[in-house]
Protein chains: 2
Amino acid sequence: MAEGEDMATTTLGVREPVADDSRTDILLAAADCFMERGYAATSVDDVARRLGATKGRIYHHFPSKADLFTGVFRHGMDRIYAAVEPYRNMPGPAVERWKKIAFVHTVRMMRSKTLARVVWEGVEMHLRGATTPEQRVVLADLVQYRNGYSDIFRRTISQARDEGDFDFDDVAITVQSMFMALNSPIFWYVPRDGETEEHVTGIAKQIVTFAYRGLGGKGELNL
Amino acid sequence: MAEGEDMATTTLGVREPVADDSRTDILLAAADCFMERGYAATSVDDVARRLGATKGRIYHHFPSKADLFTGVFRHGMDRIYAAVEPYRNMPGPAVERWKKIAFVHTVRMMRSKTLARVVWEGVEMHLRGATTPEQRVVLADLVQYRNGYSDIFRRTISQARDEGDFDFDDVAITVQSMFMALNSPIFWYVPRDGETEEHVTGIAKQIVTFAYRGLGGKGELNL
DNA sequence: GTCTATATGGTGATAGAC
DNA sequence: GTCTATCACCATATAGAC
């Protein structure tokens, strides 16, 4: 299956995605390695070592290193998208919708830091156009996916500006500045062991506040 | 010479740094390659090809690929630092100093995008700790250099807050958000051929405005 | 100072045993 | 489904000709 997940019926009778464990294990080990060393510097043997296995296992499930990468990329995008999805069509003023999706996005950047960084590198790779001809098509698809995601934010801040709640000039420039700010924790945030939920949300609030004001939002955030 | 530059007397009798051209040519070709494909994915042959030479030339001037990278990193940091240096001790309110250095920093990100990206990757590499034991020491030194640079901004926004011109909670989190926003053009800005100075400064102003407001700055920027 | 070999090790990928 | 063994290739770095 191209998706890497099958639909299975649980004991509760709910149909939900249940990945075959081998594949997800590989995906997560790969995500760790790609985050730590980057795609190019990571060897398939590295991933295998992390798994406590040899590369035979990996090549049985993924035809190539590039496919392994796109697998992680897709998995990461799914998680990011899923966090925002419930709120993207929330009724009411656009600015309130923005607050919600910006917040869950930022929390997701911290909670799924590893996957988020691989997604980031994938976008970077695509922007540089440094992939082989055929991989380009695959990666282009995934970047399309990711562009659809950023469009959610673009439309939202645009609408909020129309409604008089935000104030900025060029949308394209502004949405980039905003995203970079919201994504920033993937580069410096280090998850700690006994970390409270409040600690994470506290950091996220500050980042979202920065972006909120940057967009020209008035008053307090009250997340 | 460890610096890669000799002091030479020009025909005007002024002593100024004159890099031996071979070295700088290599440095710039390497910067191009590192930006386009990243450090790990760039081979020394790639750099040589870009130079229209073979790797013998490169290894005559740089002992290793890693040294080539740190050479580019240092060169990039020098340029970035040099742009801000004239204003870092400017008298007057800290907020005015911030406006100046934030603006020249952002313009520099666009004008020296290639070098700026290599510096970025160097910092990233260091944060990941993905270098060999001995390179670590060298890179650590350079990251120290780069940290000193970001401290300029940290102190400035901190002081501006004390003077009542900025308003934010945690300095560490805020300075990261701010830097990410100011650095954002290195990922999406594409220099065009007949580009006017106004076009570049126009983009920079919008980015700096976003950051200024994000920091809690009041009123207009008036750069 | 730059080039043309070349030594040496690692990497992606495959074949076949179990 | 996973492992071992192996191939072909590419990359870093060096040695020595010019």
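The model shown is predicted, which means the values in this text are computed figures rather than measured ones. Heavy-atom basis, side chains included; hydrogens, waters and symmetry copies ignored.
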query: For B/Arg37 and D/dA11, what is the distance between atoms CZ and P respectively, to the nearest whole Å?
result: 8 Å
message: Counting only heavy atoms and a strict 4.0 angstrom limit, can you tell me which residues of residues 46-72 of chain A come near DNA chain D?
response: A/Ala53, A/Thr54, A/Gly56, A/Arg57, A/His60, A/His61
message: Rounding to an integer number of Å, can you tell me how far B/Asp25 CG sits from C/dG1 P?
response: 14 Å
- prompt: What's the CZ-C1' distance between A/Arg23 and D/dG1, to the nearest Å?
  reply: 15 Å
query: Closest approach of B/Tyr87 and B/Ile101, non-hydrogen atoms and distance?
result: CB-CG2, 3.8 Å
- prompt: Does the side chain of A/Tyr145 pick up a donor-acceptor pair with the side chain of A/Asp78 at under 3.5 Å?
  reply: yes
Between A/Asp21 and A/Thr24, a side-chain donor and acceptor under 3.5 Å: no
- prompt: For the residue pair B/Phe179 and B/His105, does the interplanar ring angle fall in the parallel (under 30°), tilted (30 to 60°) or perpendicular (over 60°) class?
  reply: perpendicular
message: Would the distance check show the side chain of A/Thr201 and the main-chain N or O of A/Glu198 forming a donor-acceptor pair, the cut-off being under 3.5 Å?
response: yes
